[in-house]
Protein chains: 2
Amino acid sequence: MNSMNPARQAPVTTADKIFETMQREIVEGQILAGSKISEPELAKKYQVSRSTLREALNRLEKCHLIERKANVGSRVVECTVKGLLEIYIVREALEGMACRLAASAMQDAEIAELQQILAGHGQEKQLQDGVAYYQEEGDLDFHYRVIQGSNNQQLINILCGELYHLVRMYRCQFGMNSPRATRAFDEHKAILNAIADRDGELAEMLMRRHIAASRKNIERKLEQESN
Amino acid sequence: MNSMNPARQAPVTTADKIFETMQREIVEGQILAGSKISEPELAKKYQVSRSTLREALNRLEKCHLIERKANVGSRVVECTVKGLLEIYIVREALEGMACRLAASAMQDAEIAELQQILAGHGQEKQLQDGVAYYQEEGDLDFHYRVIQGSNNQQLINILCGELYHLVRMYRCQFGMNSPRATRAFDEHKAILNAIADRDGELAEMLMRRHIAASRKNIERKLEQESN
DNA sequence: TTTAGTCTAATTGTCGACAATCCTCTCATT
DNA sequence: AATGAGAGGATTGTCGACAATTAGACTAAA
């Protein structure tokens, strides 16, 4: 269900394939966060020329998974607490706005479809109570569809194209098996209700609170760990 | 005053220089919006190899000034009304949030400095009453500094790195000699007062209204023209 | 006249080699 | 011992050529 999530145009060129492979390996931590990227080494590993690899690196940089410095090279981004919280802030602002727009722009049919998906998540949740992984995938799925519903191409590009995989990376590497699953599910329902009521203002507020609550949950958890 | 605006790391490599040159030419319209980009042609024009040119194209794509399709090529983005309004929406969300953060994060000294800058703009405005150009530059300057003041690197990257020049492009090509100069100046003052009062909530609201007012102003103007 | 198909020319993607820059280790000097 | 200069090795940036794909023109058939 999630595999069709990204705004993916089927990888046609070989640089596309290398890009997707590396993207997955970075997100899942097989290429370590913060590690230096050696162009000759990776070119050999994937059996492509350095030009092709560099093309892939350029796209990884576009979705904020690596950082480049001239004449020095590329590094995988580090997963810091500060960075994670910064992303939540950006998401709060952008997804809140997306939600407001979606309340105006989404078709009735789209809303109905999303309601069905959400109901499906609810059943899965009941069945697999406590197992948060699917809920997490479902969470991304819900957010993804609301963003698409905004019908604002800039917004969609930034959230689904440039930030999406960075969010996934943090989820993977910080192992977020949210204890908020149940509450998050209810919040999703409330947000969708506001959208269905065409109440953009309320929808934005609920989405912002929803994301802010996740952020504060992380802050609290990390605070505890440091004690 | 504006030339030091972008988060520019001095261009060290030749691809950097080509990138900056093309960036300027696209923003100012010397390379026409919507036009197709011929790699061989431009490589000859700038006297560099295609590899170097493609490196520059990759960065232009990062700041949303061109779009690429696999096996087809690159085009300069088109300046459409829809696109312009979409950007205003994104800015409303992100700069509003930046403003909220700035109210907490900016140092007293930074705030004082910004107050002086704003006062300077006020004098210029009085002197050159009606001439909106400097005010427009000043507008970007003000927004830029507030964004920096948020101290959120993700936010700064998106707004100052990826969207900044696209905004400039629209300003250039739609010829926005704002009749809102006076009002915008007053709004800036109110925003800065809220920041100085450390009232993040108010600061966000004022910034959002400020940007939304600009957007509606554009909508109104374009609506009139179409009649 | 229109449409389908094919062929040619041009453009983009990929490759390997060379040039320029940076990092590190060594050695000399204070 | 600490600091600085310099050489060596490795990495990144740039180049020109080849391969793969696309766009456009031309022909032929319905």
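Everything numeric in this text was worked out from a predicted model, so none of it was measured. The chains referred to below are lettered A, B, ... by the order of the sequence lines, with proteins before strands, and numbering in each begins at 1.
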Asker: Looking at A/Lys44, I want to see if its NZ is surrounded by more than 12 non-hydrogen atoms of other residues, nucleotides or ligands under 6.0 Å.
Answerer: no
Asker: Produce the list of close N/O pairs, under 3.5 Å, pairing protein atoms with atoms of nucleotides 6-9 of chain C; give distances to one decimal.
Answerer:
none

Asker: Does B/Glu20 pair with B/Arg24 as a salt bridge, N-O distance under 4.0 Å?
Answerer: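 No salt bridge links B/Glu20 with B/Arg24.
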Asker: Among all residues two or more places apart in sequence or in another chain, which pass the salt bridge (Lys or Arg N to Asp or Glu O under 4.0 Å) test with B/Arg68?
Answerer: A/Glu55
Asker: Please tabulate, for side-chain N and O atoms in residues 100-117 of chain A, each donor-acceptor pair with protein atoms closer than 3.5 Å (sequence neighbours left out).
Answerer:
unit_1	atom_1	unit_2	atom_2	d
A/Arg100	NE	A/Glu204	OE1	2.4
A/Arg100	NH2	A/Glu204	OE1	2.8
A/Asp108	OD1	A/Arg198	NH2	2.7
A/Glu110	OE1	A/Gln107	N	2.9

Asker: Please work out which of the three classes, parallel, tilted or perpendicular, describes the rings of A/His188 and A/Phe142, given edges at 30° and 60°.
Answerer: parallel
Asker: Can you list everything that forms a salt bridge (Lys or Arg N to Asp or Glu O under 4.0 Å) with A/Arg75? Sequence neighbours excluded, please.
Answerer: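 Not a single residue meets the salt bridge (Lys or Arg N to Asp or Glu O under 4.0 Å) criterion with A/Arg75.
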Asker: Side-chain N or O of A/Lys17 less than 4.0 angstrom from OP1 or OP2 on C/dG13?
Answerer: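 Negative; the distance criterion is not met.
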Asker: Return the stems involving DNA chain D, sorted by first number, where pairs are Watson-Crick (N1-N3 with N6-O4 or O6-N4) or G-U wobble (N1-O2 and O6-N3), both under 3.5 Å, and runs are 3 or more long.
Answerer: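 So the stems come out as C:1-30 with D:1-30.
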Asker: Which residues in residues 62-78 of chain B have at least one heavy atom lying under 4.0 Å from any atom of DNA chain C?
Answerer: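 Residues of residues 62-78 of chain B under 4.0 Å from DNA chain C: B/Arg68, B/Ala70, B/Asn71, B/Val72, B/Gly73.
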Asker: I'd like to know if A/Lys82 pairs up with A/Glu86 as an ion pair, taking the criterion as any Lys NZ or Arg NE/NH1/NH2 lying under 4.0 Å from an Asp or Glu carboxylate oxygen.
Answerer: yes
Asker: With sequence neighbours excluded, tell me which residues meet side chain to side chain contact (heavy atoms under 4.5 Å, CB included) with B/Gln30.
Answerer: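 B/Gln30: side chain to side chain contact (heavy atoms under 4.5 Å, CB included) contacts with B/Glu25, B/Glu28.
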Asker: Look at the side-chain N and O atoms of B/Thr14 and state whether any lies under 4.0 Å from the OP1 or OP2 oxygen of D/dG13.
Answerer: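 B/Thr14 to D/dG13 OP1/OP2: no side-chain N or O under 4.0 Å.
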Asker: So, using side chain to side chain contact (heavy atoms under 4.5 Å, CB included) as the criterion, who are the partners of B/Val76 when residues are at least two apart?
Answerer: B/Ile26, B/Ile31, B/Ser35, B/Ile37, B/Met169
Asker: Assess the side chains of B/Tyr144 and B/Gln148: does a donor N or O sit below 3.5 Å from an acceptor N or O?
Answerer: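 Result is yes, a qualifying pair exists.
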Asker: For B/Glu61, give me all partners under salt bridge (Lys or Arg N to Asp or Glu O under 4.0 Å), at least two apart in sequence or on another chain.
Answerer: A/Lys62
Asker: Of all of residues 40-56 of chain A, which get a heavy atom below 4.0 angstrom from DNA chain D, listed by number?
Answerer: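 Output list: A/Pro40, A/Arg50, A/Arg54.
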Asker: Classify the nucleic acid contact of A/Leu57 as base, sugar-phosphate or nothing, counting any heavy atom under 4.0 Å across all strands shown.
Answerer: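 Nothing, no nucleic acid heavy atom in range.
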Asker: Does A/Ile18 reach a base, just sugar-phosphate, or nothing at all? Heavy atoms under 4.0 Å.
Answerer: nothing
Asker: Pairs under 3.5 angstrom only: tabulate donor-acceptor contacts from the side chains of residues 153-162 of chain B to other protein residues two or more places apart or in another chain.
Answerer:
unit_1	atom_1	unit_2	atom_2	d
B/Gln154	OE1	A/His64	ND1	3.4
B/Glu162	OE2	A/His64	NE2	2.8

Asker: Can you measure B/Asn58 atom CG to C/dT12 atom C1' for me and round it to whole angstrom units?
Answerer: 13 Å
Asker: Does A/Lys36 have a side-chain nitrogen or oxygen under 4.0 Å from the phosphate oxygens OP1 or OP2 of C/dC23?
Answerer: no
Asker: Tell me: CD of B/Glu39 to P of D/dC18, nearest whole Å?
Answerer: 18 Å
Asker: In chain order, what residues pass the salt bridge (Lys or Arg N to Asp or Glu O under 4.0 Å) check against B/Lys17, with sequence neighbours excluded?
Answerer: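 Partners of B/Lys17 by the salt bridge (Lys or Arg N to Asp or Glu O under 4.0 Å) criterion come out as none, since no residue qualifies.
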